[in-house]
Amino acid sequence: MTADTPTQAPASTPGFRDGDPPEVRLLAQMLLVRRFEERCVELYSAGSIRGFLHVYVGEEAVATGVMSALEPDDAVVATYREHGHALLKGMSARAVMAEMYGKVTGCARGRGGSMHLFEAATRFYGGNAIVGGGLPLAIGLALADRLAGRDRVTACFFGEGAMAEGEFHESVNLAALWRLPVLFVCENNLYAMGTALARSESETNLAVKAAAYELPAWSVDGMDVLAVAEAADRAVQAIRAGGGPHFLEARTFRFRAHSMFDPERYREKAEVEQWKQRDPIELLRGRLVGQGTLAEADLAVMEAEVAAVVDDAAAFAEESPLEDLADLELYVHDPASSVLRRAPLLAAAREGVAP
Amino acid sequence: MSARRSPTARSGARATAVAPPPPPDDAAPTSPEPEAGPRTLTYREACREGIRAAMLADERVFLMGEDVGMYGGCFGVSMGLLEQFGPERIRDTPLSESAFVGAGIGAALGGMRPIVEIMTVNFSLLALDQIMNTAAALQHMSGGQFHVPLVIRMTTGAGRQLAAQHSHSLEGWYGHIPGIRIVAPATIPDAYGMLATALADPDPVLVFEHGGLYNASGELPAGAGAVDLDTAAVRRPGTDLTLITYGGTLPMVLEAAERLAAAGVDAEVLDLRTLRPLDDVAILGSVRRTHRAVVVDEGWRTGSLSAEVAARITEHAFYDLDAPVARVCSAEVPMPYARHLELAALPTLEGVVAAAERVLRGGA
Ligand SMILES: Cc1ncc(C[n+]2csc(CCOP(=O)(O)OP(=O)(O)O)c2C)c(N)n1
Ligand SMILES: [Mg+2]
C-alpha cells in the first residue's frame, strides 16, 4: 500500500447511506462494478487500457452477494475476471483503474494490469490468470489461519471451467480432508471461453460433483443477489463455527465476450438475450422500487454518485505518472534478500572492475 | 471412424483409420499437397494450412486442445477446421492440460498421430510432468520399445501487454530435456512446412509459435511442403558478424542487420529454426567465418538458450573469435504489464545494434 492509493472502506459505497437497508448497499455495489467496467470497456477501445480485459457484466450478483457475508479480515482469491471482486473487497476505484492504465499509482504499481489486481491491506490475493491457479493458494491461506489459531475465512472464486483442472480436485480434496476454513465459489457462467459446460463436464451438476469430496455443496441462483448473500452467509457462518470448507455454485451468465475480442461463434444471440432478461441489477432494482424501498429519484442519486467515483478514478489514472524505468527490476526479490546486496558486486565482477 | 478413401494424390489407395505406425526411417516425410502457385499468407493461415494438409494426408492425424474447434482456436489458427473435419478429429477438450497432453501421448502410442495444441507455453507448465516424465523419457525408460510420435503446438512470447502469466518464452527451458525435438518456425514456409516433418518424426516434437508473428504475412512459394527440422537457416548472408536468433525476434534482428548495413556493417543473420538439437554445423560454421557473434533470445538470460549457444561457441570456436560472444535477452523480471516496462524488459532493435557495435569494437 502506498500513501497515494488510499483504501476505500466498504462503508463508503457510493449511493449508500448509513441507515439504508442492506439491499440498497448491494444494489449500489453492483452498480459500481457495472459502471466501472463499462468505463473500462470504453477506455480499452480508446487504447488507455491494454492487454486482456475480462469483464464481469451480468455476473455482479455473485461476488456482491458472497462478499456481503465476509468480514474485512477475511481473504479473497479470485481470477482474471476480478475488477468487481477487488472493488467489493474494499480496494479503491482509483487504485484499480490506475493499475489498468499501467500507472505507478496502481495497486500493483503497473506490473499486473487487469488480470493481476492485488492489495495486501484488504487481503485481496489476486488476480490469477492461470485457470485453477488460485485454489491451492486459497487453501494455503486457510491452513495458515488454522495453524495460527485465527478465526478467518478465505473465499476462493473460480469459473466452472476450472473444475476440469487437477488443481480443483486436489485442492477441494485437501481442504475437505483437513477441514480448512475455505468457501469455494464456482461462478458458473456456462461457458469457459467457447466451451459450453456440457462439452467440458461429464457431471454438469457441479454441486453434486463437488459433494463427492465430502463437503457441503449446493447451488444458488447467481442472478439473485439476495439469494447469493443468504447462501454465502449460511456457509460462512458454518465455516466460522468449524464446519470445514463449503462449496457454492452460483448459476450466472456473462453478457459480453470472454475478453475484448471474441467472435462468439459458440453461442446463440438468443441465449444471451434471454439471460439479459435476468440482469441482476434490474432484478434487484425492480424489487426495491416495487416494494417502495427506493424511489426513482434515489436511483438517480445513486447513479450520479457512482458516476462521480468512476470519473474520479479515470481522471486519477489518466493523470498518474508511470513507473520510473530504472525501477524495472524491482520486486523480483525481497529488499532484504542478499541477492540484491550482492548484485552490484557480481556486476562488477562481470565487467572485470573493482566495485 | 470407418475406412475411407485417402485424399492424398500419392496413392489413392484405401487407408484404414488406425494404421500401424510406419517404422522410423530417414526417408523424406510426407509432403502436404502443394497448391498450384505461390500465395501470400499470414503466419496464422500458414499454420492452419499446415494442419489442414497434414489432416488430409494422413487419417491418423487429429487436433486436440482447448477451444480448437467451436471457438476456432484461441489465436484463430484452427478456424474452420471443425467444419471440414468434424469433432472427432478437431477435438475440443476441457481445461485439463495434463490430461489431454497425456492423452496425446497415449494416442501416439496407440498408433495415431496427434497434434496437441496448448493455448500458450505458460499453461504447458500444467502438463510439464507429462511432457518431461512421460513423453520425453518413455522411449529410453522402456529400453527402446515405445515411441511417442506426438506433436505439441503452443504459442510463446511477449509483446502484447499480457503480463507475467501469459508472456514468457520458455522454449529454451524445454530445450534442456533430452528425448524431445524443439522447433520454432519464424517464417511462412516454416509455419506451413514444419508440421508435416514434425508429424513424421518418430519422437515428440514441440512447436513454438510466437504470438507476435500470427499477423505477419509473407509468401508461400509454389510447391512448398515439408521442410527439414535439422538445420538452421541463413536468412541474410554477411561477413562481419553473425546475429543468431529464432522465432519471434527474427524480424527485428533482420531489421537490425539492415540498420547495420546502412552503417557499412555486413551482418549475417542465422535463424536457428530447431532449438533442440542445435545445428552446430551452421552455428560454428558461420562464427568461424565472421569471427563475431551476438545471440538474441526473448527468454531470460540466465540458463537460457542463448547461454547454450554462447557456451558452444566458446567451447568449440574460441580461437576463431575476435570478440567475446554477446547476448541480448529479456530482463530478469516476470514480464510486467505496463507498456513502457514491457518494452524495456524485451530485446530491442537498438539493443541488438548496440551489442553488434560492441562486438565489432572487440567487446569493449
Ligand atoms: C491453465 C490455463 N489454461 C488455459 C487458459 C486460457 N483461458 C483463460 S480463461 C479460460 C476460460 C476459463 O473459463 P471459466 O473457468 O469458466 O471462467 P470464466 O472465464 O467463464 O469466468 C481459458 C481457457 C488459462 N488462462 N489457464
Ligand atoms: Mg465460465
Side-chain angles (χ1 to χ4, degrees), chain A residues 49-52 80 99-104 106 108-116 126-133 159-168 191-197 199-202 258-259 261-267 322-332, chain B residues 65-76 79-80 82-83 87 91-100 102 119-120 122-127 129-130 158-167 300-301 324 330-346 363-364:
Chain A
I49 297 174
R50 307 283 296 271
F52 284 155
Y80 45 84
E99 187 57 36
M100 320 266 273
Y101 268 70
K103 297 296 182 75
V104 70
R109 297 184 71 91
R111 302 315 198 278
S114 159
M115 301 193 286
H116 304 297
N128 199 316
I130 301 300
V131 171
E160 86 293 343
M163 285 188 60
E165 293 281 14
E167 266 82 352
F168 169 82
Y191 290 89
M193 269 181 77
T195 303
L197 178 65
R199 298 175 60 245
S200 74
E201 287 293 333
S202 55
H258 167 73
S259 178
F261 308 110
D262 169 359
E264 295 193 61
R265 296 162 77 242
Y266 51 85
R267 62 184 192 183
L322 292 171
E323 176 68 287
D324 193 338
L325 273 186
D327 289 338
L328 170 66
E329 298 190 17
L330 283 186
Y331 316 123
V332 179
Chain B
E66 290 158 10
D67 285 316
V68 295
M70 227 156 147
Y71 193 89
C74 63
F75 293 98
M79 193 74 77
L82 174 68
E83 289 74 3
R91 182 170 285 270
D92 277 323
T93 65
L95 276 135
S96 311
E97 287 81 4
S98 186
F100 68 75
M119 287 184 166
T120 80
N122 311 276
F123 319 144
S124 78
L125 301 185
L126 282 77
D129 164 63
Q130 289 295 322
R160 290 160 297 140
Q161 285 193 261
L162 300 181
Q165 292 181 333
H166 277 69
S167 301
W300 291 299
R301 172 185 301 256
S330 285
E332 306 253 329
V333 291
M335 200 56 68
Y337 161 71
R339 183 89 191 130
H340 70 300
L341 294 177
E342 183 181 40
L343 287 175
L346 288 169

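We name chains A, B, ... by the order of the sequence lines, and we start the count at 1 in each one.
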Peer 1: Establish, yes or no, whether the cationic atom of A:R267 lies under 6.0 Å from the six-membered ring centre of A:Y191 and within 45° of the ring axis.
Peer 2: yes
Peer 1: Just give me the residue among A:M100, A:K103, A:E201 that pairs up with chain B most often, heavy atom to heavy atom, under 4.5 Å.
Peer 2: A:M100
Peer 1: Please state whether the side chain, the backbone, both or neither of A:Y331 comes within less than 4.5 Å of a heavy atom of chain B.
Peer 2: neither
Peer 1: What's the separation between atom CE in B:M335 and atom CH2 in B:W300, rounded to the nearest 0.5 Å?
Peer 2: 7.5 Å
Peer 1: Name the region of A:D327, side chain, backbone, both or neither, that has any atom closer than 4.5 Å to a heavy atom of chain B.
Peer 2: neither
Peer 1: Which one of B:V333, B:L162, B:L95, B:L126 has the most heavy-atom pairs closer than 4.5 Å to chain A?
Peer 2: B:L95
Peer 1: Checking heavy atoms, do the side chain of A:L197, its backbone, both or neither come under 4.5 Å from chain B?
Peer 2: neither
Peer 1: Below 4.5 Å from any heavy atom of chain A, which atoms of B:E97 appear? Answer side chain, backbone, both or neither.
Peer 2: both
Peer 1: Are A:F52 and B:H166 near enough that their ring centres are under 6.0 Å apart?
Peer 2: yes
Peer 1: Top residue by heavy-atom pair count (under 4.5 Å) with chain B, among A:E329, A:R265, A:E323?
Peer 2: A:R265
Peer 1: Which region of B:L125, side chain (C-beta onward) or backbone (N, CA, C, O), has a non-hydrogen atom less than 4.5 Å from a non-hydrogen atom of chain A, or is it both or neither?
Peer 2: neither
Peer 1: With sequence neighbours excluded, tell me which residues meet salt bridge (Lys or Arg N to Asp or Glu O under 4.0 Å) with B:R301.
Peer 2: none
Peer 1: If you compare all heavy atoms of B:D92 against all heavy atoms of B:M70, which two are closest, and at what distance to 0.1 Å?
Peer 2: OD2-N, 3.2 Å
Peer 1: With a 4.5 angstrom heavy-atom cut-off, is it the side chain or the backbone of B:S98 that approaches chain A, or both, or neither?
Peer 2: neither
Peer 1: On a heavy-atom basis, which atom in B:Q165 and which in A:A129 lie closest, and how many Å separate them?
Peer 2: OE1-N, 2.6 Å
Peer 1: What part of B:H340 gets closer than 4.5 Å to chain A, counting heavy atoms only: side chain, backbone, both or neither?
Peer 2: both
Peer 1: Any chance you could measure B:Q161, atom CD, to A:M115, atom CE, to the nearest 0.5 Å?
Peer 2: 10.5 Å
